[in-house]
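These notes are about the structure you will find just below.
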Amino acid sequence: MERNKEVRVGLSKPYTSYVGASKEILRETGNVELHGLGEATANAVRAGEMLCSLGYATLEKFETLSVSEPDRSGVSRSRAKVIIKLAKAQGFEKVYNDFKISRTNNKE
């Protein structure tokens, strides 16, 4: 079974935790999608920007949507959604391995 390439970004965790999960998916599959809904769109954008700026990924597509869903009272509300599609960068393996080495050295 192929691994799910979608990371559902929320507000309960810092954006860096989504960076770590995305790196592992990129390593295994070569592509990842960050999905953020409502206020979580900021975390999705920050995670995607960090992956690109550190050399792990390249931006393939950036989609914004408006999603309607009912609130607790049943009234339909419109919320913003972002989908960020990333591909593994050419220098991914070097950056990934350099980070693992630096983490190992910091633990000693």
Side-chain angles (χ1 to χ4, degrees):
M1 187 170 98
E2 186 176 316
R3 181 170 178 164
N4 187 4
K5 297 178 182 181
E6 182 178 312
V7 175
R8 292 180 181 224
V9 178
L11 289 174
S12 61
K13 298 178 186 174
Y15 73 95
T16 52
S17 64
Y18 301 109
V19 170
S22 298
K23 286 192 309 189
E24 294 306 316
I25 294 172
L26 280 169
R27 187 173 60 84
E28 293 177 17
T29 68
N31 295 310
V32 68
E33 291 183 7
L34 299 167
H35 290 239
L37 182 63
E39 292 180 25
T41 57
N43 270 355
V45 169
R46 291 177 85 187
E49 191 276 331
M50 182 176 244
L51 287 162
C52 291
S53 68
L54 294 176
Y56 291 103
T58 57
L59 180 64
E60 284 197 331
K61 192 171 186 180
F62 189 96
E63 295 179 60
T64 57
L65 325 160
S66 185
V67 179
S68 293
E69 54 184 29
D71 63 9
R72 291 186 180 139
S73 63
V75 177
S76 185
R77 302 280 183 203
S78 189
R79 298 177 74 189
K81 180 173 182 173
V82 66
I83 301 172
I84 303 167
K85 296 181 182 183
L86 303 173
K88 186 192 285 189
Q90 199 168 14
F92 177 89
E93 294 300 330
K94 180 182 179 341
V95 176
Y96 184 86
N97 291 329
D98 288 350
F99 179 75
K100 282 195 113 135
I101 289 169
S102 71
R103 293 274 308 220
T104 304
N105 291 340
N106 288 339
K107 288 181 181 179
E108 295 173 355

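Positions are given from 1, in the same order as the sequence printed here.
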[atom1]/[X]: more than 12 non-hydrogen atoms of other groups inside 6.0 Å:
X   : atom1 : value
R27 : CZ    : yes
E6  : CD    : yes
E69 : CD    : yes

Practice task
Dump the intermediate steps for side chain to side chain contact (heavy atoms under 4.5 Å, CB included) on V9 and Y15, then the final yes or no.
Solution key: CA-CA 8 Å; V9 178; Y15 73 95; over 6 Å; no
If you measure from [atom1] on [X] to [atom2] on [Y], what distance do you get to the nearest 0.5 Å?
X   : Y   : atom1 : atom2 : result
T58 : L26 : OG1   : CG    : 9.0 Å
E93 : Y56 : CD    : OH    : 11.0 Å
E49 : L59 : CD    : CG    : 11.0 Å
N97 : F92 : CG    : CZ    : 8.5 Å

Problem - Presence of salt bridge, E63 and K81, under 4.0 angstrom - result: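 No, this pair does not count.
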Practice task
Tell me, with the steps shown, if K5 and K85 meet side chain to side chain contact (heavy atoms under 4.5 Å, CB included).
Solution key: CA-CA 10 Å; K5 297 178 182 181; K85 296 181 182 183; over 6 Å; no
Exercise for the section: Would you check, one step at a time, whether the test side chain to side chain contact (heavy atoms under 4.5 Å, CB included) holds for L34 with S22? Expected result: CA-CA 8 Å; L34 299 167; S22 298; 3.2 Å; yes
Practice task
For the pair N43 (side chain) and G10 (backbone), establish whether a donor and an acceptor sit closer than 3.5 Å, ignoring hydrogens and angles.
Solution key: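 It does hold such a pair.
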Exercise for the section: Verify the distance criterion only: is there a donor paired with an acceptor across the side chains of N31 and T29 at less than 3.5 Å? Expected result: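 No.
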Practice task
Determine whether L11 and V7 fall in the same hydrophobic cluster, where Ile, Leu, Val, Met, Phe, Trp and Tyr are linked whenever their side-chain heavy atoms lie under 4.5 Å apart.
Solution key: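 No, separate clusters.
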Handout entry: Ring-face cation contact, Y96 with K88, 6.0 Å cut, 45° max
Key =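 No, K88 does not sit over the ring of Y96.
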Handout entry: Side-chain heavy-atom pair E33, K61 within 4.5 angstrom cut-off
Key =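 Heavy-atom side-chain distance check fails, nothing below 4.5 Å.
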